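One structure below.
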Amino acid sequence: MELYNLTLQQAKQKLAEGDITAVQLTESVCSRIDQVEGTVNAFLSLHTDQAMEAAEQADKQLASGQAGSLCGLPLSIKDVLCTSTMPTTCGSKILEGFVPPYDAAVVEKIKAADAVLLGKVAMDEFAMGSTSENCAYQIPTNPWNPAYVAGGSSGGSAASVAAGECLASLGSDTGGSIRQPASLCGVVGLKPTYGRVSRYGLVAFASSLDQVGPLTRDVADSALLMNVIAGHDGRDSTSIKRDTPDYTSALQEGLQGVRVGIPAEYFVDGLDPEVDTAVRNGIAMLKDAGAEIKEVSLPHTEYCVAVYYLIAPAEASANLARFDGVRYGYRDKNAESLIDLYRQSRSQGFGPEVKRRIIIGTYALSSGYYDAYYKKASQVRTLIKNDFDNVFSECDLVVSPVTPTPAWKIGENADDPLALYLSDILTISANLAGIPGIAVPCGFSSSGMPIGMQMQAGHFNEEILLRAAWNLEQRAGLTGKHPRL
């Protein structure tokens, strides 16, 4: 096996045993990037010199016996996370060339664990999108077929992992933006419980929905990264003071006694037959592992898309007001007044999808409409959360597809925002309820595109998610399959 195709755990073991060096591993990954990046388009900024310096330092740490838990392992970072030595653009022209003065909390943690940071990867502008086609610089492609979308908004993260351009990545999930691209690219994507991982240094899209999480080649790697990035952070007012377990410790336990709920609302007309078959095969594998399967109901599911596309744009409208051409970011040089400066800097710096959501959000928050739209959406959000609370009183997990279809061709839905919004219909609810969710490969379509299964659990129950996902992974037998680029 090529070094760039190793999992984090495999590479970690080889490094510890002296079979390879961090420099050799990083060189292999960088060579892979040189080979396929012209097709994949994952990286917005690549920093091979910094990476090689970090790899050399990692080899010294390994030799001294003082290596961190990610020592020498090459990772990519979604360009929505602040990095003090690399640009952070959020995929937007309005932040072109911007280098933050500090690192995000999760970046601090992986640096402290001696990881090797390769660079920043492509995303929908300010994480607003489902395909990464809204990136202002380039569109990442799906490594399984470059004519197809990688998903979004963490499309660059998922594509870079699937293509062997890194061993793992960090992304963010506001309405499915880790799980959906992970499913479309055939990797594992975990959205932790809201508040489990610090949002400090994560450029905000919708503050009550955003959460940082890992995209990896297998479930054990997700557990390893969670061990590093989870935990309380006093700089984030939404971070929860709660002990974090060792997520790798319970992976290999069976599923005897685990109750798995199958919501009827997630298996409806419009679901691709191949997705339905692959996910139901995955459910059968969970049953073989000892799980008890039962039907459940989440009756307010039909309102999720409407609620999300009021709350998320409203919060985006407030969060993106800071990009005004005055303090940092793009500034129009021809403005003749302060109002012109605001108007022209924002109209030229933001792309069409960001503008659309700012307008929707501003309208929903405006005087005379707040009660009818934002307030009502917040009330229905509570009902959606209560649905999950009721289900988790009788089940440990809820299982469903991640997306209604496998990946589609680039440009196929570019002129139909509603179609793209509906592609998130099965993932949005986890963000609205604040619960954890994971996407795990469970099959392939007849055209060779990956299909993923989604598992969701109650608040702070990432352990049971990872355990169930690991059991599915062992039975599905898809680990180690790589796209032919």
Side-chain angles (χ1 to χ4, degrees), residues 26 29-30 32-34 36-38 40-55 70 73-111 115-129 132-141 150-174 177-178 181 185 187 189 199-205 210 212-216 225 229 328-330 351:
T26 303
V29 172
C30 290
R32 177 64 170 175
I33 294 171
D34 289 341
V36 304
E37 177 58 16
V40 179
N41 296 329
F43 281 89
L44 294 183
S45 64
L46 183 62
H47 303 269
T48 52
D49 289 344
Q50 287 185 36
M52 292 310 301
E53 289 175 8
L70 300 178
L73 303 178
L75 309 182
S76 70
I77 306 294
K78 185 177 180 179
D79 204 23
V80 74
L81 290 163
C82 288
T83 44
S84 61
T85 59
M86 302 174 184
T88 299
T89 71
C90 298
S92 177
K93 290 290 186 183
I94 209 163
L95 282 176
E96 186 170 7
F98 174 67
V99 180
Y102 66 96
D103 286 326
V106 291
V107 174
E108 290 176 344
K109 288 187 173 187
I110 62 173
K111 282 184 175 180
V116 173
L117 304 191
L118 296 162
K120 308 296 284 296
V121 285
M123 56 178 286
D124 284 302
E125 185 179 5
F126 284 100
M128 298 184 193
S132 297
E133 291 173 283
N134 293 328
C135 183
Y137 301 99
Q138 63 195 40
I139 300 172
T141 65
S153 62
S154 304
S157 291
S160 62
V161 175
E165 295 186 297
C166 62
L167 269 59
S169 186
L170 292 182
S172 66
D173 192 310
T174 307
S177 291
I178 287 173
C185 290
V187 299
R199 293 189 304 110
Y200 176 78
L202 169 67
V203 180
F205 162 17
D210 301 337
V212 182
L215 293 98
T216 59
L225 271 180
I229 65 174
Y328 54 85
Y330 175 79

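Quantities reported herein were computed from a predicted structural model and do not represent experimental measurements. Each residue takes its place number in the sequence, starting with 1.
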Requested in this report: Return the set of residues passing side chain to side chain contact (heavy atoms under 4.5 Å, CB included) with L225 (not counting sequence neighbours), or none when no residue passes.
Outcome: L8, L70, L75, A168, L170, P214, T216
Query raised in the report: Taking only residues two or more places apart in sequence, or in another chain, which ones meet D173 in a side chain to side chain donor-acceptor pair (under 3.5 Å)?
Result: R179, N431
Query raised in the report: Any side-chain heavy-atom pair from H47 and T85 closer than 4.5 angstrom?
Result: no
**Report entry** Inter- and intrachain pairs under salt bridge (Lys or Arg N to Asp or Glu O under 4.0 Å), touching residues 95-111, at least two apart
**Finding:** D103-K111, E108-R235
Report summary line: Sorted by chain and residue number, the side chain to side chain contact (heavy atoms under 4.5 Å, CB included) partners of E165 (sequence neighbours excluded) come out as I33, V36, E37, V40, A42, F43, S160, A163
Query raised in the report: Does S169 reach the main-chain N or O of S76 with its side chain, forming a donor-acceptor pair under 3.5 Å?
Result: yes
Report summary line: For T174, the side chain to side chain contact (heavy atoms under 4.5 Å, CB included) test, sequence neighbours excluded, returns F205, A206, L209, D210, Y308
Requested in this report: State which residues pass ring-ring contact (aromatic ring centres under 6.0 Å, His included) with Y200; sequence neighbours excluded, sorted by chain then number.
Outcome: Y102
Report task. Starting at OG of S172, measure out to CD1 of I77 and round the result to the nearest 0.5 Å. Result -> 11.5 Å
Query raised in the report: Would you say the side chain of C135 lies within less than 4.5 Å of the side chain of L44, judging by non-hydrogen atoms?
Result: yes
Query - Pairs involving residues 73-89, ordered by first then second residue, that meet salt bridge (Lys or Arg N to Asp or Glu O under 4.0 Å) (sequence neighbours left out) - result: D79-K120
Query - Pairs where residues 78-99 contributes a residue and the test ring-ring contact (aromatic ring centres under 6.0 Å, His included) is met, not counting sequence neighbours - result: F98-Y328
Requested in this report: Using modelled atom types only, decide if a donor and an acceptor are shared between the side chain of N134 and the backbone of E125 within a distance under 3.5 Å.
Outcome: no
Query - Side-chain donor/acceptor of S154 to backbone N/O of G171, under 3.5 Å - result: no
Query - All side chain to side chain donor-acceptor pair (under 3.5 Å) counterparts of T48, not counting sequence neighbours - result: none
Query raised in the report: Going by heavy atoms in the side chains, are L95 and T88 under 4.5 Å from each other?
Result: no
Query raised in the report: Do N41 and I139 pass the side chain to side chain contact (heavy atoms under 4.5 Å, CB included) test, and can you show the C-alpha distance, the side-chain angles, and the key distance before you say yes or no?
Result: CA-CA 6 Å; N41 296 329; I139 300 172; 5.8 Å; no
Report summary line: One should read off an interatomic distance between S45 OG and L118 CG, to the nearest 0.5 angstrom, of 10.5 Å
